[in-house]
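Below you'll find the structure, written out as structure tokens, and then a few comments.
Predicted model only: the values in this text are computed from it and were never measured. Counting starts at 1 for both ligands and their atoms, in listed order. Along the sequence shown, the residues carry numbers beginning at 1.
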Amino acid sequence: MDKILEQLPRKANEKHGENKRFFTKLKKRPPKNIDYIMQELHEAEFERTDCLECANCCKTTGPLFTTADIERISKFFRQKPQVFIENYLRIDEDNDYVLQEMPCSFLGADNYCSIYDVRPKACREFPHTDRKKFQQISNLTLKNVAICPAAFNIVEAMKERIKLK
Ligand code: SF4
Ligand code: SF4
């Protein structure tokens, strides 16, 4: 996995133009069954990929924390939300709460998440490859393929599966 992660930014960069053209066409004319296709590609990829061998999302790009995330996680720690915010979060340039530090403070050396059951919604949904109307998050996906080997493979499989003129 280390080698895959080391090569991923370069491979994603090489595919960037091709991926961008693909998503531009996909947005204009998405197949009717795109949600079904994405579900299939997502499930097939995550049967092969073990996130515990990777954790690159937790190491390199943190989630944003919604108010509901902050309330749920601070309750788990039996802290007041404000104390949790002061301990772990900062406000970024988009005015969102994000982690003060990367890798994520809740990531263990064994790649397990110490707050897994109450983790942020963004962590649960990353890399968003099974979400409905996937074509609507193409800009985010273009970035995620450089971080997440599973997202990279899913986009490659999409291009094979969905032939656009
Ligand atoms: S979601 Fe992607 S980046 Fe995160 S651990 Fe799994 S394979 Fe790695
Ligand atoms: S909260 Fe858990 S799943 Fe989310 S980035 Fe941190 S370690 Fe990863």
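- Shown in contact with P120 at under 4.0 Å from a heavy atom are these atoms of ligand 2, numbered in order with element: 1 (S).
- Open room surrounds CZ on R78; 12 or fewer heavy atoms of other groups in view lie less than 6.0 Å from it.
- For the side chain to side chain donor-acceptor pair (under 3.5 Å) with Y36, the qualifying choice from E40, K32, Q39 is E40, the only one to do so.
- Two rings, from F65 and Y88, have their centers 6.0 Å or more apart.
- Under a cutoff of 6.0 Å and an axis angle of 45°, R119 and Y116 form a cation-pi pair.
- Short contacts between ligand 1 and C54, defined as distances under 4.0 Å to a heavy atom of the residue, involve ligand atoms 3 (S), 5 (S), 7 (S), 8 (Fe).
- Centroid-to-centroid, the aromatic rings of F77 and F106 come within less than 6.0 Å.
- The 12-atom threshold is exceeded at CD of E14, counting heavy atoms of other residues, nucleotides or ligands nearer than 6.0 Å.
- If you take NE2 on H128 and CD1 on I137, they are separated by 6.0 Å, rounding to the nearest 0.5 Å.
- For atom 6 (Fe) of ligand 1, the nearest non-hydrogen atom of the protein is C51 SG, 2.3 Å.
- Applying the 4.0 Å criterion to heavy atoms of C148 picks out, from ligand 1, the atoms 1 (S), 2 (Fe), 3 (S), 7 (S).
- Between N144 and P127, the shortest heavy-atom distance links the atoms ND2-O, 4.1 Å.
- Of all atoms in ligand 1, numbered sequentially from 1 with element shown, those under 4.0 Å from a heavy atom of T49 are 7 (S).
- Nearby protein atoms of type N, O or S around atom 8 (Fe) of ligand 2 amount to 1 (distance under 2.8 Å).
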